[in-house]
Amino acid sequence: MVYRPLLIAFGVLVLAPLLGGLLTGFDRWLSARLQARVGPPLWQPFADLVKLWHKDRLTVNVVQILYANAYLLFVAAALAELALGHDLLMLLFTLAFGTISLVLGGFSVRSPYSRFGAQREIMQLLAYEPILVLMVVAIYLRTGSFLVSRVVVFPRPLLPSLPLIFLGYLLVVVIKLRKSPFDLATSLHHPHQELVKGILTDYSGPYLGIIELAHWYELVLLLGLAGLFWATSVWAAAGVALLVYLAAITVDNVSARVTWAWMLRFAWQAGLGLAAINVVWLYLWGAGMP
Amino acid sequence: MSIVRWARGKSPWYFHYETGSCNGCAIEVFALQTPLYDLERFGIMNTGNPKHADLLLVTGCVGYRSGRVLRNLYHQMPGPKAVVAIGVCALTGGIFHDCYNLAPGADKVIPVDVYVPGCAPWPEAMIDGILLAAEKLRGAPVARDRRRLVEEEEPPAGGAGEEGKA
Ligand code: SF4
């Protein structure tokens, strides 16, 4: 049926916010519990979103709205690509476009906080993007394909042959979800602040809601990519994704914020180093693997 | 539209401005975030950005100078919004009420919705006041003509700031 991919994409794009919102609520609840607080209910992020959408529209300029929407669009498109089994490289590019939209939105206003946040967002992109690219290369070396649809039917789980890449990916998830110690560009759902609100300083009301929604899509996408590491069964994939999320939340709660230079050094030395070792190893001995 | 009302009541983010005084009230406001009082269980979050906030918490006695800043911050908040004045300093000026440089109370500068008396008020009283303000947000009009309403009610942000009026 020709409509099948469209239906799948539509279904995923409708369900992903529900899942993303619940996961965010779970994050906030668990974080509160780790800090010996009662914490908000699980549906809290939905109340936040509905409230934001019904606040007065207050914008600094029109371009800002465009970039917020572009961010949502690109991230949602990247998620649809994952759901439809498209090319992993294409997915990375789409995701990077989304991040760049957010950065441009941050630069489009005159608030210095927003601009600082945008600059730090670029640093984050610089830190994690090479690791993601090496991850895709490693997946190709192991499975012989860049297509998600091929990767998921690969008969063996990827994690045993990509253990170091997986560690690198954990780092990517923590940076990408803007969790401590890498909540440099902005900090989400925390009473503590980073440069007022960093890149989100001049977004308010419905536009902040759009960005929040994009974050939910991003969360589902990142966990979906984590699931690729054990894609032999749906439950195993979900288990790996959940473990990655729990690890990110734990790291968030036990660490303090670092500087962007520290992040860049760590991501390139540790993250990129591990990923590169894994890729070289796969390149030299990968052919003989079962 | 009841879901909008529900969401507004369940997710008020507050912005706290200390206009300058003994800081007793301000410290108690910070205490609201601690595990003992934990405001987040009501969905109430602290934000350092007036553009993200629904509630403005004012502590301390409002001077003519800080009143200008206060009014500016108030106008940066997108509606619907509510203001909670905390501590007798913010209510009437308190023990500083006859100082030459002070406005007697935050409500001389911006409209105040909830008054929480005390020097300093108990954190429980503050929570009570904040939840009252959240109740007020819940009652804010949801209809489309809200924007028209806002334009009628609020002067543009640029106009605020003459010291004589503060
Ligand atoms: S009301 Fe009392 S505790 Fe609060 S700021 Fe004034 S003097 Fe300090």
Side-chain angles (χ1 to χ4, degrees), chain A residues 21 24-25 27-60 64 109 111 113-114 117 186-209 211-212 253, chain B residues 1-16 29-55 73 75-81 134 137-138 140-151 153-154 156-157:
Chain A
T24 309
D27 173 4
R28 286 176 65 177
W29 174 81
L30 186 65
S31 297
R33 280 305 157 113
L34 288 173
Q35 296 161 12
R37 292 188 287 122
V38 177
L42 211 55
W43 41 256
Q44 185 61 45
F46 298 104
D48 290 348
L49 195 70
V50 173
K51 177 207 73 177
L52 283 174
W53 267 340
H54 288 86
K55 287 202 63 119
D56 289 347
R57 283 151 203 271
L58 200 88
T59 48
V60 180
Q64 200 190 11
V109 295
S111 156
Y113 305 115
S114 179
T186 182
S187 66
L188 304 165
H189 322 301
H190 283 311
H192 59 85
Q193 301 284 316
E194 182 54 21
L195 291 171
V196 181
K197 210 60 175 165
I199 196 164
L200 302 182
T201 299
D202 264 345
Y203 282 108
S204 60
Y207 310 109
L208 189 64
I211 291 179
E212 182 68 24
N253 277 290
Chain B
M1 279 307 164
S2 59
I3 184 162
V4 180
R5 292 186 188 282
W6 165 81
R8 278 184 182 157
K10 288 293 179 194
S11 151
W13 295 356
Y14 74 78
F15 173 75
H16 170 217
V29 169
F30 297 140
L32 296 181
Q33 294 288 337
T34 58
L36 188 58
Y37 299 108
D38 186 29
L39 268 187
E40 205 188 355
R41 72 198 141 110
F42 302 111
I44 302 171
M45 238 177 24
N46 174 38
T47 162
N49 185 353
K51 292 189 176 183
H52 294 183
D54 310 286
L55 300 177
L73 290 170
H75 285 302
Q76 281 189 44
M77 291 167 56
K81 55 190 172 186
L137 284 179
R138 191 196 291 266
V142 193
R144 259 166 189 262
D145 54 16
R146 209 200 117 64
R147 221 169 304 160
R148 186 169 48 77
L149 240 149
V150 166
E151 276 158 16
E153 273 175 4
E154 292 166 8

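Quick note on labels: first sequence line is chain A, next is B, and so on, each numbered from 1. As the structure is a computational prediction, the values presented were derived from the model and not from experiment.
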Worksheet item: Do A:N253 and A:Q35 have side-chain N/O donor and acceptor atoms under 3.5 Å apart?
Response: yes

Fill in: A:S114 and A:D202: side chain donor to acceptor below 3.5 Å
no

Response to the item:
So, the part of A:L52 with a heavy atom under 4.5 Å from chain B: the answer is side chain

Worksheet item: With chain B, which of A:G39, A:G205, A:A32, A:A36 has the greatest number of heavy-atom pairs at distances under 4.5 Å?
Response: A:G39

Practice prompt. Could you tell me which of B:D54, B:T34, B:I44, B:L36 has the largest number of non-hydrogen atom pairs under 4.5 Å with chain A?
Written response: B:D54

Discussion item. Cation-pi check for A:W43 against B:K10: NZ or CZ below 6.0 Å from the six-membered ring centre and within 45 degrees of the axis, yes or no?
Written reply: no

Worksheet entry | Most contacts with chain B, counted as non-hydrogen pairs under 4.5 angstrom, among A:L49, A:T201, A:L58 | A:T201

Fill in: Non-hydrogen side-chain atoms of B:L55 and B:L137 separated by less than 4.5 Å
yes

